[in-house]
Amino acid sequence: MTREKHQKSENLRDLPGDTSEVIVRFAPNPNGPLSIGHSRGVVINSSYAEIYSGKVVLRFDDTDTKVKAPLRNAYDWIREDFEWLAGRPADVEVIASERMPVYLNYAEKMISDGFGYVCRCSAEDFRASRESKSECSCRDRKVDENLEDWEKMNSGIFLEGEAVVRVKTDMTLPNPALRDWPALRIQHSEHPIVADKYKVWPLLDFQSAIEDHEQGVTHIIRGKDLMDSTRKQTLLYNHFGWQYPETLYWGRVKVHEFGGFSTSSMQESINKLDYEGWDDPRLPTIKALRRRGFDSQSIKNMWSEIGLTQKDISISMKTLESLNSALIDSKCERRSFVAKPVSLEIKTDLKNPQILLPRHPENKILGSREWKFESSILVQSSDLVDGKVRLKDFADIYISDFEAKIESLNRSDNRPIIQWLTKGVAQEATLSIPNEEGVEIIRGVVEGFEIRLGEVYQLERIGFARVEDIVEGVVRMLWLHN
RNA sequence: GCUCGUGUGGUGUAGUUCGGUCCAUCAUGCCGCCCUUUCGAGGCGGCGACCCGGGUUCAAAUCCCGGCACGAGCACCA
């Protein structure tokens, strides 16, 4: 525990500003479960909260009911993913849609105080104003008129697209993104939590700005695609007379193996039944990584090692797999899996030779697996070639014509070593390996020695795999990595 | 187009604040060898980088100027 903390502080640079009471936040849109990209936000933010004995807020940014509508189940999925990654639940949880009165109240104050206004221009017309740096006619209207229109927005008289509330900045600002940016818009579609209670919903820049202030967030750590968001929000904070939090950014992340993906594109593929669900092992979701048997610490280690750089990076699953192997290798017992098994008869004069295999080759896990000898054994069809071979942890043999002769119990030369099973210990099994085309299911037999559901084993000469299910004696395993 | 950000080996990262200790760190990857009752783990060796061009300086990955490349924002998405 202390070592873990020490490691993190070595990798993550110090936060700027006052760090006496750090409050950070992670704010996903609950339109699906967390992906590997999101995990950076969870890990970085929760780690900083831990390092500074501060707090991390988990905030569900669910104020868009239309374009990326929230998914009812996603709230729980995200809570679960967050806890798995951070090792504990968030200190504070906020659901934006439940905080609507607060946002609408601030919006009204903004209009009353004259630094916000209702704009009835069409999106296209305003785009033209923004480009020409000219103020639109809505901008100079009286506060009373604005409040009247605000009322019409909220009561549903104004329809979607007929009005937005803008923050007054300066139309001549060099950065076009900041010119009188939109803060709230009308959406009449149903929300999974509050249904049709509200007609006007805040946009991210407004909702997030208000909520960060309400929660007393001291440090915002997020992707650098939100840099202009910081600039917009700083202008709003100036209007309210608030101090903007310290802000840090990370760059864009791509994962080699997965290419471009987004929560909505994954949702689409799942709907089309291209995948079995959010935890399909081919998907870059946290659910999938957990299912496959990754140790959450490997994900934490990866993000800590990468740190907080603004560089756009492209990471490889190989890196994560390597970090994961380092963590789980010493904890995983060995088992033998024989794919596409074929029988082999062993000829020997030995009386009940002993077969003792270690649970772990370096005795990181003490004890052994013991099999009862039988003359009839199973080996992988691909391993069945005439010649010298060693049956792992047992004996050097000579194969010829589906028969094997024991040459020596000790290793006598460096002939290849193969894994094998006696018929008695062999238990029917499948190993699912995801690949480009789909999920390949390899049939075979696994060593039926203390197979525990959910456990990750290292299948000798194959790699790590997790036991997903045991149905009617058939052990179903899912491939993890080498 | 405007605005912002980033550029160190295949990948990720250290070093850039206050120029020399950097013919550049560590990890991963790949290659070879060793060890081993696994194609795991371990050991040893190797490969491989400061975006480009100027400038300042005795000295530049580090400072200055100019390019270039990549990414992002300019959504009534987050």
Side-chain angles (χ1 to χ4, degrees), chain A residues 11 27-31 60-70 96 119 121-124 126-127 130-131 133 153 160-166 173-179 181-187 200-205 207-208 222-232 249 251-254 256 262-264 301-307 309-323 325-326 328-330 332 334-336 356-358 360-362 364 390-396 409-411 414 416-419 458-464 481-482:
Chain A
N11 288 313
N29 176 353
N31 63 339
F60 295 99
D61 279 352
D62 59 349
T63 58
D64 168 33
T65 62
K66 226 184 168 79
V67 184
K68 288 180 186 166
C119 176
C121 297
S122 68
E124 303 74 52
F126 191 83
R127 189 177 306 131
R130 181 170 45 231
E131 275 165 19
K133 301 187 179 181
M153 286 174 77
E160 290 188 7
E162 289 188 343
V164 297
V165 174
R166 296 189 180 281
L173 251 21
N175 187 342
L178 313 186
R179 299 173 195 156
W181 54 272
L184 302 100
R185 77 327 203 170
I186 300 168
Q187 285 195 335
V200 177
W201 289 88
L203 285 143
L204 168 88
D205 292 315
Q207 177 271 128
S208 175
R222 58 182 170 195
K224 70 173 182 182
D225 51 311
L226 263 18
M227 273 182 165
D228 280 346
S229 215
T230 297
R231 298 180 185 107
K232 289 185 214 174
Y249 308 95
R252 207 184 62 130
V253 182
K254 256 190 189 167
H256 283 147
S262 67
T263 306
S264 20
N301 290 350
M302 182 177 75
W303 292 124
S304 293
E305 277 175 27
I306 288 171
T309 66
Q310 289 190 26
K311 217 172 129 179
D312 296 330
I313 57 168
S314 192
I315 54 169
S316 164
M317 283 302 287
K318 289 257 180 75
T319 307
L320 183 60
E321 289 172 3
S322 156
L323 288 168
S325 302
I328 69 172
D329 181 75
S330 60
C332 292
R334 271 51 177 172
R335 290 292 183 274
S336 194
L356 265 185
L357 310 89
H360 190 282
E362 282 100 46
K364 297 272 174 60
R390 177 165 178 84
L391 297 179
K392 189 168 187 319
D393 297 308
F394 179 51
D396 286 358
L409 286 179
N410 292 322
R411 187 148 168 76
N414 48 7
I417 296 165
I418 64 168
Q419 83 278 26
Q458 193 199 76
L459 303 178
E460 284 169 319
R461 287 180 73 218
I462 296 170
F464 295 97
H481 53 70
N482 300 319

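Every chain is numbered from 1, with letters handed out A, B, ... down the list of sequences.
- For D312(A), taking side-chain heavy atoms from C-beta onward, the closest of the listed nucleotides G73(B), G71(B), C77(B) is G71(B).
- Atom NZ of K224(A) and atom C1' of C74(B) are 17 Å apart (whole Å).
- Base contact: P361(A) has a heavy atom under 4.0 Å from a base atom.
- No donor-acceptor distance shorter than 3.5 angstrom exists from the side chain of H481(A) to the backbone of S322(A), with no hydrogens or angles considered.
- Heavy-atom nearest nucleotides on RNA chain B were determined for S314(A) and for Q458(A), and the one closer to the 5' end corresponds to S314(A).
- Among the protein residues, T63(A) comes within range of the sugar-phosphate backbone only, with heavy atoms under 4.0 Å from sugar or phosphate atoms but none that close to a base.
- Following rounding to the nearest Å, D225(A) (CG) and C4(B) (P) show an atom-to-atom distance of 17 Å.
- Rounded to the nearest 0.5 Å, atoms CD (E305(A)) and CD1 (I315(A)) are 11.5 Å apart.
- If you take atom P in C30(B) and the same atom in U11(B), they sit 15 Å apart, rounded to whole Å.
- Counting to the nearest Å, the C1' atom of C77(B) and the CG atom of D205(A) are 10 Å from each other.
- Separation of the C1' atoms belonging to G73(B) and G66(B) is 26 Å when rounded to the nearest angstrom.
- For the pair L173(A) CG and G73(B) P, the computed distance is 19 Å after rounding to whole Å.
- Counting only distance, with no hydrogens or angles, the side chain of S336(A) and the backbone of Q419(A) share no donor-acceptor pair below 3.5 Å.
- Not one side-chain nitrogen or oxygen of S322(A) sits closer than 4.0 Å to the OP1 or OP2 atom of A27(B).
- Note: CG (N482(A)) to C1' (G29(B)) measures 13 Å, nearest angstrom.
- Taking only side-chain nitrogens and oxygens, R185(A) comes nearer than 4.0 Å to OP1 or OP2 of A78(B).
- A side-chain N or O of N175(A) and one of D228(A) form a donor-acceptor pair less than 3.5 Å apart.
- With a 3.5 Å ceiling on both atom-pair distances, U17(B) lacks any Watson-Crick or G-U wobble partner.
- If you check C33(B) for Watson-Crick or wobble pairing at under 3.5 angstrom, you find it paired to G43(B).
- With a cut-off of 3.5 Å on both pairing distances, the Watson-Crick or G-U wobble partner of C74(B) is G1(B).
- The CZ atom of F464(A) sits 11 Å away from the C1' atom of U38(B) (whole-angstrom rounding).
- Checking the phosphate oxygens (OP1, OP2) of U11(B), no side-chain nitrogen or oxygen of K318(A) falls inside 4.0 Å.
- Under a 3.5 Å cut-off, the side chain of R179(A) and the backbone N or O of P174(A) do form a donor-acceptor pair.
- Between R334(A) and U38(B) there is no side-chain polar atom (N or O) within less than 4.0 angstrom of OP1 or OP2.
- Nucleotide U57(B) forms no Watson-Crick or G-U wobble pair with any nucleotide shown, as no partner meets the under 3.5 Å limit on both distances.
- Going from the P atom of U8(B) to that of A14(B) covers 11 Å, rounded to whole Å.
- Remark: the separation of the C1' atoms in G7(B) and C52(B) is 11 Å, to the nearest Å.
- When the P atom is compared between A41(B) and U28(B), the two are found 10 Å apart, to the nearest whole Å.
- As rounded to whole Å, 5 Å separates atom P of U13(B) from atom CD1 of I313(A).
- When Watson-Crick and G-U wobble pairs are counted only if both distances are under 3.5 Å, C50(B) pairs with no nucleotide at all.
- Closest contact between the side chain of Q187(A) and the listed nucleotides G71(B), C77(B), A78(B) involves C77(B).
- Residues Q207(A) and D61(A) have side chains that bring a donor and an acceptor to within less than 3.5 angstrom of each other.
- Nucleic acid contact for L459(A): none, since no nucleic acid atom lies under 4.0 Å from a heavy atom of the residue.
- Note on C119(A): nothing from the nucleic acid sits closer than 4.0 angstrom, heavy atoms only.
- Distance alone, capped at 3.5 Å, is enough to place a donor-acceptor pair between the R461(A) side chain and the I417(A) backbone.
- G251(A) comes within 4.0 angstrom of no nucleic acid atom, judged by non-hydrogen atoms across all strands.
- For the pair R231(A) and V67(A), nearest-nucleotide mapping onto RNA chain B gives the more 5' position to R231(A).
- Rounded to a whole angstrom, the distance from the P atom of G20(B) to that of C64(B) is 15 Å.
- Remark: K311(A) is in phosphate contact with U8(B), judged by side-chain N or O atoms under 4.0 Å from OP1 or OP2.
- At whole-Å resolution of the value, CZ in R335(A) and P in C39(B) are 19 Å apart.
- Nucleic acid contact for E362(A): base, since at least one base atom lies under 4.0 Å from a heavy atom of the residue.
- Checking S314(A) against H256(A) by side-chain atom types alone, a donor-acceptor pair falls below 3.5 Å.
- Picking from C77(B), G40(B), U13(B) the nucleotide with the shortest atom distance to the side chain of K68(A) gives C77(B).
- Of the candidates U11(B), G40(B), C74(B), the closest approach to any side-chain atom of A177(A) belongs to C74(B).
- Across A61(B) and C23(B), the matching P atoms stand 8 Å from one another, rounded to whole Å.
- If you check every strand for non-hydrogen atoms under 4.0 Å, L204(A) touches a base.
- A distance-only check finds a donor-acceptor pair linking the side chain of Q187(A) to the backbone of T65(A) [under 3.5 Å].
- Remark: A27(B) base-pairs with U11(B). Criterion, Watson-Crick or G-U wobble with two distances under 3.5 Å.
- A distance of about 13 Å separates the P atoms of A24(B) and G46(B), rounded to the whole Å.
- Residue S229(A) is classed as having no contact, given no heavy-atom separation below 4.0 Å to the nucleic acid.
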